[in-house]
Amino acid sequence: MEKLSALILAAGAGTRMKSALPKVLHPILGKPMIKYILDVIRTIKLDNKIVIIGNQKELVKRNLEDEKDISFVIQDVQQGTGHAVMQVEKELENYNGNVLILYGDTPLLKKETIQNLIKSHNSTGAGVTILTCVMTDPTGYGRIIRNSQNEVIKITEEKDTTILEKKVKEINTGIYCFNSRKLFEMLKFLQPDNKQKELYLTDVIEMFSKKKYKINTQEAENQQEIMGINNRSELAKVSELIRKSILEYWMRNGVTIIHPESTFIDADVKIENDVTIYPFTIIEGKSIIKSNCIIGPFSYVKDSSLSNGVELNNSRVIKGIINKEAKVGPFANIRPGTVLEASTRIGNFCEIKKSHIGEGSKVSHLSYIGDSDIGKDVNIGAGTITCNFDGESKHKTIIEDNVFIGSNTNLIAPVSIKKGALVAAGSTITRNVPEKALGIAREKQFNIAEYNKKRKKKISHNK
Ligand code: UD1
Ligand code: CA
């Protein structure tokens with residue numbers, strides 16, 4: 001087997017993105033653009049994986065920290081694609097094999113296409129194999145120029161094409177498999193004699209042709225796959241294709257998606273079969289959704305895990321853990337650090353923050369529960385508020401198993417309500433309530449006899 005190394009060019013500024021963020025870090029369905037190509041080549045056996053960085057190199061590097069097997073080569077000034085590849089010469093000094101050239105901004109490229117390119121290169125013994133594509137609209141791409149024997153003689157960049165060359169529909173995808181020795185031999189001769197005053201990697205092709213090094217081409221199966229992202233409009237187009245392919249994948253794996261047009265699922269989300277997702281639902285980050293969950297409509301889940309049979313309706317969960325068969329919503333806001341145990345029930349207009357809600361407990365209406373630890377089978381009445389913040393720091397509320405909190409209660413934290421206790425509706429609780437006790441903290445009611453009768457009489461008299 002020939003040796004194989006991959007270079008991923010990612011040093012460019014991505015000027016057309018008009019962004020402070022380097023182009024290759026722009027997320028697509030929650031994943032930085034460059035990670036798509038890195039994920040694809042993970043399935044290919046490689047001797048070296050080199051990412052060429054330059055623009056905001058530290059930031060790019062930091063975002064790729066978890067990619068253990070890649071090395072970085074720096075191209076400090078971006079003088080063109082040929083110049084970029086020249087920077088790895090030292091890294092590959094004693095290397096003799098093939099070099100695969102890829103880009104950080106082509107997230108749709110498929111593993112099969114790369115494999116076919118390598119296969120074709122190896123079987124023809126070519127000096128270079130160019131991945132080409134016949135485009136309905138070739139605007140912007142380098143054109144593959146052939147002689148009368150149909151042999152490739154050069155690649156001409158759009159900006160440098162003649163009128164005749166501009167009509168060529170066969171384009172350079174920018175993806176190649178090179179013989180490393182021949183590549184580095186020719187790179188030395190590159191000259192910036194073109195409109196952009198850059199060292200074009202594409203110019204190496206003409207040199208190969210003149211040297212009679214075999215130039216082979218392999219055609220990409222579809223035009224979409226090789227699409228590079230240069231601006232935000234292309235970012236949106238590519239994102240849309242990836243969004244659809246993610247949904248397609250999950251539908252084929254047994255997930256019901258009622259309305260794919262309004263459903264967004266990030267690339268790193270995991271979903272089990274027999275989950276149903278209703279319209280206008282967004283599931284982001286590293287969320288995990290287990291079997292038989294029903295999510296949506298109008299729901300947002302981020303970096304959360306939902307266990308079997310959870311129902312989440314018109315609600316949001318961020319960094320939360322929701323256990324078996326819990327029911328959330330409509331209109332609930334589950335904020336970071338919350339764990340809802342099995343069979344809990346969080347109802348409409350409830351906000352839960354950094355709290356643990358024990359099995360079978362219910363917070364059914366209009367409540368705020370923050371920094372709280374709630375036991376099993378607790379009932380939190382409508383309108384209960386944990387007053388966790390005194391203006392300076394946050395305090396904890398502890399509610400033990402089988403407690404019943406009456407409606408419209410304020411629990412001034414830090415405070416504990418012990419096992420089996422009862423808190424009367426309308427109480428403002430400032431002290432702990434002992435086990436099985438009743439805590440009541442509200443004004444005593446008194447009734448004034450006949451008061452309203454007299455009042456009504458008075459009103460009618462004055463009319
Ligand atoms: C390049 C090809 C063109 C091909 C097209 C396919 C050249 C000269 N042209 O053009 O034939 O049709 O890709 O999309 O190669 N980069 C660096 N350092 C540099 C310059 C670029 O790392 O000094 C990186 C960029 O970050 C980018 C990639 O190389 O990821 C391609 O550069 P770009 O300027 O976008 O090339 P194109 O003009 O698209
Ligand atoms: Ca490009």
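Atoms within each ligand, like the ligands themselves, are counted from 1 in listed order. No experiment lies behind these values; they were computed from the predicted model shown. One is the number of the first residue; the rest follow in order along the sequence. All heavy atoms count here, side chains included; hydrogens, waters and symmetry mates do not.
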Ring centres under 6.0 Å, that's the criterion: do Phe389 and Tyr368 meet it? no
Mode of Tyr141 contact toward ligand 1 - side chain, backbone, both, neither (heavy atoms, under 4.0 Å): both
Side chain of Ser355, backbone of Lys353: donor and acceptor closer than 3.5 Å? yes
If we only consider heavy atoms of Gly228, is any one of them less than 4.0 Å away from an atom in ligand 1? no
Between Tyr176 and ligand 1, does any nitrogen or oxygen pair lie at a separation below 3.5 Å? no
Give the atom numbers and elements of ligand 1 that come within less than 4.0 Å of a heavy atom of Thr173. 6 (C), 14 (O)
If you measure only the distance, is there a donor-acceptor pair under 3.5 Å linking the side chains of Gln75 and His83? yes
Any nitrogen or oxygen of Ile52, main chain or side chain, under 3.5 Å from a nitrogen or oxygen of ligand 1? no
State whether the shortest distance between N or O atoms of Gly12 and N or O atoms of ligand 1 falls below 3.5 angstrom. yes
Decide, yes or no, whether a salt bridge links Glu341 with Lys376 under the criterion of side-chain N to carboxylate O below 4.0 Å. no
Which of the numbered atoms in ligand 1 are below 4.0 angstrom from a heavy atom of Glu157? 2 (C), 3 (C), 7 (C), 8 (C), 9 (N), 10 (O), 11 (O)
Heteroatom distance test (Gly142, ligand 1): nitrogen or oxygen, under 3.5 angstrom: yes
Under a plain distance cut-off of 3.5 Å, with no hydrogens placed, do Ser307 and Asn323 share a side-chain donor-acceptor pair? no
Phe280 vs His259 aromatic rings, parallel, tilted or perpendicular, using cut-offs 30° and 60°? tilted
Applying a heavy-atom cut-off of 4.0 Å, say which part of Ala11 lies close to ligand 1: side chain, backbone, both or neither. both
Could you tell me whether some N/O pair between Leu9 and ligand 1 is separated by less than 3.5 angstrom? yes
Can an N or O of Tyr103 be found at a distance shorter than 3.5 Å from an N or O of ligand 1? no
Heavy atom under 4.0 Å from ligand 1: found in Gln79's side chain, backbone, both, or neither? backbone
Within-4.5 Å side-chain heavy-atom neighbours: Asn55 and Val60: no
In plain terms, say whether Lys188 and Glu89 are close enough for a salt bridge, that is, a side-chain N and a carboxylate O under 4.0 Å apart. yes
Within-4.5 Å side-chain heavy-atom neighbours: Ser304 and Lys286: no
Tell me whether the rings of Phe331 and Phe349 are parallel (<30°), tilted (30 to 60°) or perpendicular (>60°). parallel
Judged by non-hydrogen atoms, does Ile171 sit under 4.0 Å from ligand 1? no
Within the 4.0 Å heavy-atom cut-off, what Gln75 brings close to ligand 1 is side chain
Heteroatom distance test (Gly80, ligand 1): nitrogen or oxygen, under 3.5 angstrom: yes
Under 4.0 Å from ligand 1, counting heavy atoms only, is it the side chain of Ile226, its backbone, both or neither? neither
